Protein chains: 2
Amino acid sequence: MRADAKKNYEHILAVASVVVTQHGADASMRDIARRAGVGLGTLYRHFPTREALLDTLLRAGFDELTAKACELETASSPDDALVSWLHDVVTFTGNYQGVVAAMIAAIEDTDSALHASCVTLRTAGARLLTRTQAAGLARSDMNGDDLFSLAAALAWLGDQPSSAPRAERLFRIIASAIITNRPSNLSLPADFQMNQNP
Amino acid sequence: MRADAKKNYEHILAVASVVVTQHGADASMRDIARRAGVGLGTLYRHFPTREALLDTLLRAGFDELTAKACELETASSPDDALVSWLHDVVTFTGNYQGVVAAMIAAIEDTDSALHASCVTLRTAGARLLTRTQAAGLARSDMNGDDLFSLAAALAWLGDQPSSAPRAERLFRIIASAIITNRPSNLSLPADFQMNQNP
DNA sequence: ACCTGAACACCGTTCAAGT
DNA sequence: ACCTGAACACCGTTCAAGT
């Protein structure tokens, strides 16, 4: 990459980080180019899609979350590890308004520049869930895809002004639905049934 | 209202219903006017905001859901009533893509034409929740606002192609977090009686 | 009264022309 | 190689001019 191109690339990223933080993932591409003092075509040359820009912007955070999941796979209590990681994912995603909508859209769109990151993240979470389920500490009737959906739903609620103030409570409610706290090998009353409704 | 105006009004609604069903709540207003064979100004005269159009479009459904909540307030099992109503809300909202985002935004925007409907709906749900909590069948650390947020989150997941296929499972997971089959509070009134499993 | 559509200020995206 | 910005096809919203 030519020196001037590299300078542009980095400057665009710095400006985009500010603009996306302020105005969310749907911020005007034109606005980003304008504020970066760069032609609109230059922005699109470096980041052919909005998703490509977001992926580069969030790369460090994504990698950190994936690394954290790997570390937590050897934590002493699988359920605490899962909940802690879920919390980190929701918190990170909540930093940029509207980013979770792009992520959940990318998970099924193999052409999206965000696709790979999201799949990696989902897989990392799935491992933590499987481990917790194996210990009988998470409900067995869900999988990694469901976990990712629930994380996305929580992050989306955090994006909404009407729900954001209660985000932590909503997190605890959903976390409690995932974690069972009841090892499956424990003897239960004969009439015991999971908290389910028809 | 003049006869020609009334005819326009009703034709716009009919066309809008089709367009919003097809393209979601963010459908182009221009497109709606175009397909209705009406000037753009005529559309805005009858429905000054997108929310006003949506509210009129969804009015019948909103009223039905509120009425259903009132009926269910005398149902034999409060928990079943709550879950059944919640399911109806999520299903109805899911009929129009993106409508739930408009609703959750309207709940805090007193100027929105959707505000009143959403508040009414939330209040109706809150009553069902309170009744279930009074019977010791719903977790006590949540309120009607939380219930509305959870319903919105479920409806939003239903809007996403990656989650929609698992919508029912996700519903059951969250429903199970709300419903508690055993009272969590140990210090109950002396005359408290468990009214389950008759 | 009511309707129309041009006008304005925005988008995302592309691409010929410049350096 | 890389950058620029006009061009194109869209938006939502308003409002002077028409019937």
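Just so you know, these numbers come straight off a predicted model, no measurement behind them. Within every chain, numbering begins at 1; the chains are lettered A, B, ... in the order of the sequence lines, protein sequences first and strands thereafter.
- In the hydrophobic clustering of ILVMFWY residues, with side-chain heavy atoms under 4.5 Å counting as a link, B/Leu150 and B/Val119 come out together.
- Atom CD of B/Glu10 has more than 12 heavy atoms from other residues, nucleotides or ligands within 6.0 Å.
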May I have the step-by-step check of side chain to side chain contact (heavy atoms under 4.5 Å, CB included) for A/Arg30 and A/Arg34, ending in yes or no? CA-CA 6 Å; A/Arg30 223 185 207 89; A/Arg34 209 154 33 205; 4.1 Å; yes
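- What you find for B/Ala27 and B/His23 is that their closest heavy atoms are CB-CB, 4.0 Å.
- If you measure from atom NE2 of B/His23 to atom P of D/dG12, you get 12 Å, rounded to the nearest angstrom.
- One side chain, B/Asp55 or B/Ser117, offers a donor N or O that lies under 3.5 Å from an acceptor on the other.
- B/Asp31 and B/Ser28 share no side-chain donor-acceptor pair at under 3.5 Å.
- One atom, CZ of A/Phe47, and another, C1' of C/dG12, lie 17 Å apart when rounded to the nearest Å.
- An OP1 or OP2 oxygen of D/dC2 is reached within less than 4.0 angstrom by no side-chain nitrogen or oxygen of A/Asn8.
- Taking the side chain of A/Arg2 as heavy atoms from C-beta on, and the options D/dG12, C/dA1, D/dC2, the nearest nucleotide is D/dC2.
- Atom CE of A/Met29 is separated from atom P of C/dT14 by 11 Å (rounded to the nearest Å).
- Judged by distance alone, the side chains of B/Glu168 and B/His87 do bring a donor and an acceptor atom under 3.5 Å apart.
- A/Arg127 and A/Cys70 make their closest contact through NH2-SG, 3.9 Å (heavy atoms, listed as atom of the first residue, atom of the second, distance).
- B/Asp26 places its CG atom 16 Å from the C1' atom of D/dT13, with the value rounded to the nearest Å.
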Pairs counted as Watson-Crick or G-U wobble with both distances under 3.5 Å: what dot-bracket string results for DNA chain D, using | for bases tied to another strand? ||.|||||...|||||.||
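- Here D/dT13 presents its C1' atom at 14 Å from CD1 of B/Ile32, a figure rounded to the nearest Å.
- For A/His46, the listed nucleotide lying nearest its side chain is D/dC3; candidates were C/dC3, D/dC3, C/dT13.
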Pairs under 3.5 angstrom, nitrogen or oxygen only, protein versus nucleotides 5-10 of chain C, please.
residue	atom	partner	partner atom	Å
C/dG5	O6	B/Gly41	N	3.2
C/dA7	N6	B/Arg30	NH2	3.3

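- Each of C/dC3, D/dC2, C/dG12 was ranked by its minimum atom distance to the side chain of A/Ala5; first place goes to D/dC2.
- Looking at heavy-atom distances under 4.0 Å, B/Arg45 makes contact with a base.
- What separates CG of B/Leu43 from C1' of D/dT13 is a distance of 11 Å, to the nearest Å.
- When heavy atoms are screened at a 4.0 angstrom cut-off, A/Ala27 is found touching the sugar-phosphate backbone but no base atom.
- A salt bridge is absent between A/Arg131 and A/Glu73; no separation between the charged side-chain nitrogens and carboxylate oxygens falls under 4.0 Å.
- Rounded to whole angstrom, the span from the NZ atom of B/Lys6 across to the P atom of C/dC2 amounts to 13 Å.
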